Amino acid sequence: MRWVVPTVRSGRYTPRTMRTYAWKTVDRWSQTLIPTAREVPAEAVIQSHQLMLRAGLIRQLTAGIYDWLPLGWRVMHRVMNIIRQEMADAGAIEVMLPAMIPMDLMEKTGRDVAYGPNLFRLNDRHGRPSCLGPTHEEVIVELVKGYVSSYKQLPLNLYQLQAKFRDEFRPRFGLLRCREFMMKDAYSFHTTVEGPGGLDETYDRMYTAYERIFDRAGLDYTVVEAEAGPIGGSASHEFMVNSEVGEDTILKSDKGNYAANMERCDIGERSSSLDGPPTAEIEPVHTPNLPGIDDVAAFLRIEPSDMLKTLVCRGDDGVWTLGVVRGNHDLNESKLKQAAGVSQLELADDAAAREAGFAIGFVSPRVASKMDDVRLFIDPDAAQDRLWVTGDDRADYHVRHFNWRRDTGDVLDTDRVQVADIRNAQDGDPSPRNDGGVLRESKGIEVGHVFKLGSKYSDALGLTVSDDHQRQIPVVMGCYGIGPGRIVVSAIETHADDDGIVWPSEIAPYDVLITPIKWEGEMRETATRLADALGDAGLDVLIDDRTERAGVKFKDADLIGIPIRLTIGDKALAQGCVEFKRRAESGRGELVKIEDVVARCNTG
RNA sequence: CGGGGCGUAGCUCAGCUUGGUAGAGCGCUUGCUUUGGGAGCAAGAGGUCGCACGUUCAAAUCGUGUCGCCCCGACCA
């Protein structure tokens with residue numbers, strides 16, 4: 001199957017089909033810990049973080065480290081239950097792996113270096129270095145290597161759901177970016193990419209399972225193409241909740257048939273030409289003490305889009321690789337890497353580039369004609385017949401009226417110069433489907449990621465299996481992550497109003513909140529009896545048995561957002577009724593006969 | 001890692017400029033009244049003013065250092 005069209009989905013209402021735990025839950029508010037707060041804690045900036053603190057879901061212990069309080073932990077349990085159910089349906093099997101990983105294992109794949117300071121490191125009493133697992137590729141490969149030696153044992157898809165650790169330099173936005181966080185990570189193992197039992201098959205099943213999970217959690221999300229990785233093609237998709245507070249930038253075609261992460265997003269065809277005749281003489285300008293493109297543009301009273309920016313990179317083949325983009329565009333290193341056909345490429349070290357003769361900060365495309373061992377890639381928007389402002393290849397000078405053909409010359413016709421899509425896409429760019437669609441920029445919270453890993457880890461750690469001819473063959477892998485904490489955050493971001501949280505029914509901490517106006521007499525008896533009956537019917541119930549005034553109970557009820565509230569008061573009781581109200585609906589609620597309440601709560 | 005802000009009661013904050021026995025609201029405890037959308041009155045409990053050193057007769061307040069938290073940017077999944 002092929003990954004067709006990343007679609008924009010919105011949550012649908014799903015009746016709940018399971019309890020949070022295997023047993024009946026009827027909790028009393030006075031016997032649990034739900035510390036609601038009227039005032040907004042100073043440290044919280046985004047709505048979900050504020051509400052999570054005010055509703056008593058979480059508490060910060062230190063930067064990026066949180067306690068899960070009873071209410072929040074129940075939500076997490078429901079999210080994890082959904083994940084476990086869908087993993088089971090997709091054929092994945094759960095394991096539990098250590099949080100602590102010996103450093104030498106990480107060294108074998110080079111991820112000790114790759115993660116760098118983001119790795120939580122510690123030493124045991126013997127001085128042996130370890131780290132707290134940021135993910136578990138190495139550990140799972142080591143495990144599979146120990147027990148799987150034949151192609152007959154594959155495919156295999158194992159997952160874990162547990163705390164992971166990253167020493168983020170700057171944790172922020174509450175649970176959105178923290179240092180200890182729950183994560184579901186699945187790893188699949190195959191002998192082939194295509195065909196039955198192959199990586200593609202499992203990838204597709206996981207993709208579908210992810211859609212079910214995020215639908216059931218009530219999220220409004222977009223599936224986007226993400227960085228391709230070692231296998232290429234549609235080898236990676238991210239599941240992005242559409243939200244202003246998201247840290248990722250995504251681009252969607254307004255035709256609705258393409259979406260991608262900004263780092264990955266291709267840009268549609270653009271016309272270009274390097275051959276127009278010059279209409280003015282090239283002219284140097286003294287531009288001292290102007291550190292950025294914007295500063296130079298302001299000084300010359302032009303727009304950044306009137307300038308050419310030349311970035312000096314170097315590939316792992318050692319060749320200087322220059323990318324030319326318009327002043328208001330950003331170079332995309334991975335696109336440049338692909339265009340250059342090298343496996344590694346990075347922005348050149350300033351000192352090394354200066355030594356090689358580049359006037360860093362003032363480089364112009366003309367260096368391609370002055371130096372032989374240089375290749376030049378020009379973004380189509382920079383490859384235009386017009387006069388440009390660009391660097392003068394000497395410190396503190398730019399030039400006006402740069403013309404490609406006149407000022408760069410015959411090198412343009414050599415294979416050292418190419419026009420290619422080498423920049424980040426941005427709002428307003430043409431869709432890569434080339435169907436007239438225009439890309440629109442928005443923000444997303446990454447809640448899931450499916451990725452075809454290939455044999456990177458199995459190769460590094462020596463995992464192979466025998467095929468049917470006794471040959472050792474490599475194992476290809478996929479990995480599939482979900483952030484349950486981010487699901488909770490995202491759900492609140494999209495399902496809240498001025499009064500508090502409005503939980504999607506499947507991940508609500510309880511199904512029904514029973515609010516007796518007074519905790520005494522017939523109100524108390526009815527509340528207890530109803531709670532018991534609802535519990536027997538498979539619903540999770542919370543009774544607000546506090547001796548608070550009704551107003552306080554109602555305000556707290558709205559804040560914690562349980563989908564159904566049953567209010568028990570004298571007037572309704574006199575008619576043999578209680579008041580049934582959905583959190584998601586405004587208005588007064590309706591009277592329901594006591595004997596009909598269970599059915600009413602169950603049918604929705 | 002660069003820039004900015006903040007550490008005073010469980011929470012939100014005032015007091016600091018100009019040094020002189022630590023305050024308010026919310027929450028908490030007790031009593032009375034009230035009782036269907038965050039009640040009223042009264043009486044209380046609760047703080048090494050992040051920490052250390054220094055200046056001073058005297059430091060929440062001034063100085064130096066340090067730790068912690070938040071935000072912007074850079075970085076990263």
Side-chain angles (χ1 to χ4, degrees), chain A residues 33 35-46 49-50 53-54 56 59-66 111 113-119 133-135 137 164-174 176-179 181 183 185 226-227 229 236 238-240 245-249 261-264 291-292 330 333-334 346-347 444-451 479-483 485-486 498-500 515-521 523 544 546-560 565-574 578-579 581 583 586-589 591:
Chain A
L33 181 66
T36 57
R38 191 189 312 215
E39 287 176 288
V40 181
E43 77 247 27
V45 182
I46 62 174
H49 190 197
Q50 294 174 349
L53 292 166
R54 285 188 55 210
R59 179 182 164 87
Q60 178 173 332
L61 181 61
T62 182
I65 310 274
Y66 289 84
R111 289 214 306 164
V113 177
Y115 261 98
N118 268 9
L119 213 50
T135 65
E137 280 84 353
K164 306 222 175 184
F165 301 83
R166 289 180 200 172
D167 195 1
E168 292 286 349
F169 195 83
R170 177 142 104 85
R172 66 181 129 174
F173 299 146
L176 220 47
R177 175 172 296 268
C178 43
R179 301 195 293 169
F181 53 99
M183 187 156 167
D185 247 338
E227 63 176 298
S236 172
E238 288 170 333
F239 293 75
M240 297 284 192
V245 305
E247 293 188 279
D248 289 272
T249 302
N261 192 313
M262 188 174 75
E263 286 91 64
R264 167 71 173 81
D330 292 318
E333 286 174 39
S334 106
E346 55 188 18
L347 211 56
I445 301 170
E446 182 187 350
V447 289
H449 194 169
V450 291
F451 192 84
C479 70
Y480 319 90
I482 287 182
R486 284 185 172 183
D498 290 343
D499 295 316
T515 306
I517 296 298
K518 283 183 185 161
W519 185 240
E520 61 186 36
M523 284 181 255
D544 192 349
R546 296 174 299 170
T547 52
E548 288 287 352
R549 299 164 58 84
V552 173
K553 292 188 177 189
F554 293 147
K555 285 291 185 189
D556 274 346
D558 289 343
L559 180 58
I560 69 173
R565 189 182 83 203
L566 298 175
T567 310
I568 302 181
D570 284 328
K571 283 172 236 160
L573 274 184
V578 299
E579 193 179 303
K581 183 178 178 305
R583 176 63 178 85
S586 55
R588 285 202 57 80
L591 293 181

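In what follows, chains carry the letters A, B, and so on, assigned in the order in which the sequence lines appear, proteins first and then strands, with residues in each chain numbered from 1. Just so we're clear, the structure is a prediction, and the values are computed from it rather than from any experiment.
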inquiry  = For B:U55, give the paired nucleotide (Watson-Crick: N1-N3 plus N6-O4 or O6-N4; G-U: N1-O2 and O6-N3; both under 3.5 Å), or none.
reply    = none
note = Sequence neighbours excluded, the answer for ring-ring contact (aromatic ring centres under 6.0 Å, His included) partners of A:Tyr480 is none
query = NA contact type, A:Arg565, heavy-atom cut-off 4.0 Å: base, sugar-phosphate, or nothing?
reply = base
key: Residues forming a side-chain hydrogen bond (donor to acceptor under 3.5 Å, both in side chains) with A:Gln60, sequence neighbours excluded   = A:Tyr66
For B:A9, the Watson-Crick or wobble counterpart (both distances under 3.5 Å) = none
inquiry  = For a quick check of understanding: with a heavy-atom distance under 4.0 Å over all strands, which category does A:Phe181 fall into, base, sugar-phosphate or nothing?
reply    = nothing
ask   = With nearest nucleotides of RNA chain B determined for A:Lys553 and A:Gly64 from heavy-atom distances, which residue corresponds to the more 5′ nucleotide?
value = A:Lys553
inquiry  = What's the gap between B:U55 and B:A42 when it is taken at their C1' atoms, as a whole Å value?
reply    = 46 Å
request  = Give one of base, sugar-phosphate or nothing for A:Thr62, where a contact means two heavy atoms less than 4.0 Å apart.
outcome  = sugar-phosphate
request  = Please give the nucleotide sitting opposite B:C1 as a Watson-Crick or G-U wobble pair, both distances under 3.5 Å, or none.
outcome  = B:G73
query = Now, which nucleotide makes the Watson-Crick or G-U wobble pair with B:U61, with each of the two distances under 3.5 Å?
reply = none
remark   = The Watson-Crick or G-U wobble partner of B:A22, with both key distances under 3.5 Å, is none
inquiry  = Counting only Watson-Crick pairs (N1-N3 plus N6-O4 or O6-N4) and G-U wobbles (N1-O2, O6-N3), all under 3.5 Å, who is the partner of B:G46?
reply    = none
request  = Between B:G68 and B:G50, how far apart are the C1' atoms? Round to whole Å, please.
outcome  = 7 Å
remark   = Residue set satisfying side-chain hydrogen bond (donor to acceptor under 3.5 Å, both in side chains) with A:Arg166, at least two apart, ordered chain then number -> none
message = What contact category does A:Arg166 fall into here, base, sugar-phosphate, or nothing, at under 4.0 angstrom with non-hydrogen atoms?
response = sugar-phosphate
message = Can you check the distance between B:U61 and B:U35, where both ends of the measurement are the C1' atom (answer in whole Å)?
response = 46 Å
remark   = Re B:C41: Watson-Crick or G-U wobble partner, both distances kept under 3.5 Å, found to be B:G31
message = Need the pair for B:U17. Rule: Watson-Crick or G-U wobble, both distances under 3.5 Å, any strand; none if unpaired.
response = none
request  = Please state the P separation for the pair B:C26 and B:U18 - nearest whole angstrom.
outcome  = 34 Å
ask   = When you check the gap from the basic side-chain N to the acidic O, do A:Arg172 and A:Glu247 get nearer than 4.0 Å?
value = yes
task = Identify, with sequence neighbours excluded, every residue that meets side-chain contact (heavy atoms from CB on, under 4.5 Å) alongside A:Val45.
result = none
inquiry  = Taking the C1' atom in each of B:C16 and B:G23, what is the distance between them to the nearest angstrom?
reply    = 14 Å
query = If you look at every strand shown and take non-hydrogen atoms under 4.0 Å, does A:Glu579 touch a base, only sugar-phosphate, or nothing?
reply = base
message = Which residue in the set A:Thr249, A:Asn261, A:Ile445 passes side chain to side chain contact (heavy atoms under 4.5 Å, CB included) when paired with A:Met240?
response = A:Asn261
message = Quick one about A:Ser236 and A:Arg264 (side-chain donor to acceptor, distance below 3.5 Å, no hydrogens or angles considered), yes or no?
response = no
key: First encountered from the 5' end of RNA chain B, between A:Lys518 and A:Val45   = A:Lys518
ask   = What interatomic distance, in whole Å, is found between P of B:A60 and the corresponding atom of B:G44?
value = 26 Å
Set of residues satisfying side-chain contact (heavy atoms from CB on, under 4.5 Å) with respect to A:Ala550, sequence neighbours excluded = A:Ile517, A:Phe554
Span of RNA chain B in contact with chain A (heavy atoms, under 4.0 Å) = B:C1 to B:A77
query = B:U17 and B:A74: how far apart are their P atoms, nearest whole angstrom?
reply = 39 Å
inquiry  = Using the P atom as the point on both nucleotides, what is the distance between B:C49 and B:A59, in whole Å?
reply    = 11 Å
